[in-house]
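Here, residue 1 is the first one in the sequence, and each next residue gets the next number.
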Amino acid sequence: MEQTKASEAEINALKAEVQRLRKDNIEFHNAWRRTQLARNEQRPYTLDYVERLFQNFCEIHGDRRYGDDPALVAGMAIYHGHPVMVIGQQKGRDIKQRQHRNFGCAQPEGYRKAMRAMKLAEKFRRPIITFVDTPGAYPGVGAEERGQGEAIAHNLREMARLEVPVIVCIIGEGGSGGALGIAMGNYVLMLENSIYMVITPEGCSAILWKDQEHVETAAASLKITAADLHAWGIIDEIVSEPPGGAQTDYNAAAQLLDARLKPVFEGLQRKTGTELRQQRYLKFRRMGVDACGS
């Protein structure tokens, strides 16, 4: 009996040590380490959060112009009893899924599908919740031929005009215009081990140093972490993750996000369409001003 109790005590002590090491690893690693965590293949993706936070999700397909883009999912759902529109980039777990989802890199038809869903949400007065997780918009020849830049620019203009609440959740990678194409919102939540950037550290290193040996310096200089972006006013709130990162416990990660998402959702519901448009406009006009002191 005493030996059993001793074994249990030892196991509990080891568990506590594991949790401490996980916490230390998260708190003290640099921007490049956070980049690697944001890209972790086991990290929960958009549909993992949809499964845990929403009910009756009904996916919308196609942009009514060219085709459907599996890299970007959109659909109607119920969130705490309220009808909403959910939009987000989706990556894949294995090689077949990744190819099908194009590694989360949306093409023009993906952004046009997203805007079709947003306009539908506005028509029926449904708040919009987006999940950002992409290395960037797909840069292929076909995507450029079909108007990749125009599709993203169109989304930015039209999202600025929406008269329903738009809440953005950055859950992994937020890559440049590919992320911003669904991220012009009234409120931006960002998981603590996510990144939001104008260019990848690898791309920055290749341009400035002509090699891949300076990715850590590039990551730190780009200010892509949640703490950096919160200080600059680019995001509104940092969402905590389970010890070790969101990939260690999907349910806990969803609960932590829900705890911050729900009050924001309820607060924006009380604003009029005109107030939402004005608040969104002023939010993006003020970005970086407070941090610059001007």
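- For the atom pair CZ of Arg98 and NZ of Lys91, the computed distance is 10.0 Å after rounding to the nearest 0.5 Å.
- From Cys105, atom SG reaches atom CD of Gln148 across 9.5 Å, with rounding to the nearest 0.5 Å.
- Taken together through direct or relayed side-chain contacts under 4.5 Å among Ile, Leu, Val, Met, Phe, Trp and Tyr, Val264 and Ile129 form part of one hydrophobic cluster.
- Rounded to the nearest 0.5 Å, atoms CD1 (Ile234) and CD1 (Ile224) are 13.5 Å apart.
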Item to check | Derivation and outcome, side-chain contact (heavy atoms from CB on, under 4.5 Å), residues Asn155 and Leu180 | outcome: CA-CA 9 Å; Asn155 277 24; Leu180 199 56; over 6 Å; no

Item to check | Check against salt bridge (charged side-chain N to carboxylate O under 4.0 Å, His left out), Arg43 and Glu241 | outcome: CA-CA 11 Å; Arg43 197 170 175 83; Glu241 296 185 22; 2.5 Å; yes

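- Residues Tyr187 and Glu237 bring a donor and an acceptor atom of their side chains to less than 3.5 Å of each other.
- Taken together through direct or relayed side-chain contacts under 4.5 Å among Ile, Leu, Val, Met, Phe, Trp and Tyr, Phe131 and Phe57 form part of one hydrophobic cluster.
- Remark: Arg39 engages Glu202 in a salt bridge, criterion side-chain N to carboxylate O under 4.0 Å.
- Exactly one of Thr130, Val73, Asn102, Thr134 qualifies for a side chain to side chain contact (heavy atoms under 4.5 Å, CB included) with Gln89. That residue is Thr134.
- For the pair Glu158 and Lys119, the salt-bridge criterion is met [side-chain N within less than 4.0 Å of a carboxylate O].
- Partners of Lys262 under the side-chain contact (heavy atoms from CB on, under 4.5 Å) rule, at least two apart in sequence or in another chain, are Tyr79, His80, Asp258, Glu266.
- Residues Asn186 and Gln279 bring a donor and an acceptor atom of their side chains to less than 3.5 Å of each other.
- The shortest distance between side-chain heavy atoms of Pro127 and Gln269 falls below 4.5 Å.
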Item to check | Derivation and outcome, salt bridge (charged side-chain N to carboxylate O under 4.0 Å, His left out), residues Glu150 and Arg112 | outcome: CA-CA 10 Å; Glu150 184 276 337; Arg112 291 174 180 138; 2.9 Å; yes

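- Of all the heavy atoms in Ala160 and Met184, the pair that sits closest is CB-SD, 3.7 Å.
- Under the 6.0 Å distance and 45° angle rule, Arg116 does not count as a cation-pi partner of Tyr111.
- What you find for Ile195 and Ala38 is that their closest heavy atoms are CG1-CB, 3.9 Å.
- With respect to the salt-bridge test (charged N to carboxylate O, under 4.0 angstrom), the residues Arg93 and Glu41 do not qualify.
- Connection of Val166 to Val84 is not established within any shared hydrophobic cluster, with ILVMFWY side chains joined at heavy-atom distances below 4.5 Å, either directly or through further cluster members.
- Atom-to-atom distance recorded for Leu276:CG and Leu162:CG is 9.5 Å, nearest 0.5 angstrom.
- Cation-pi geometry between Arg146 and Tyr66 is met: under 6.0 angstrom from the ring centre, within 45 degrees of the axis.
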Next on the checklist: Determine whether Arg101 and Leu47 satisfy the following criterion, side-chain contact (heavy atoms from CB on, under 4.5 Å), listing intermediate values before the conclusion.
Outcome noted: CA-CA 12 Å; Arg101 300 287 184 182; Leu47 291 178; 3.7 Å; yes

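- With hydrogens and angles left out, the side-chain atoms of Asp69 and Gln107 include no donor and acceptor closer than 3.5 Å.
- Residues Thr35 and Ala219 share a closest heavy-atom pair of OG1-CB, 4.4 Å.
- The distance from the CD1 atom of Ile170 to the CD atom of Glu192 is 14.0 Å, given to the nearest 0.5 Å.
- In terms of heavy-atom proximity, Ile152 sits nearest to Gly177 at CG2-O, 3.6 Å.
- Note that CG of Asp133 and OG of Ser194 are 7.5 Å apart. Values are rounded to the nearest 0.5 Å.
- Residue Leu120 is grouped with residue Ile182 when hydrophobic side chains (ILVMFWY) are merged at heavy-atom distances under 4.5 angstrom, including chains of intermediate members.
- In summary, Glu216 and Arg33 do not engage in a salt bridge, as defined by a charged side-chain N under 4.0 Å from a carboxylate O.
- Hydrophobic clustering (side-chain heavy atoms under 4.5 Å, transitive across Ile, Leu, Val, Met, Phe, Trp, Tyr) keeps Phe124 apart from Ile78.
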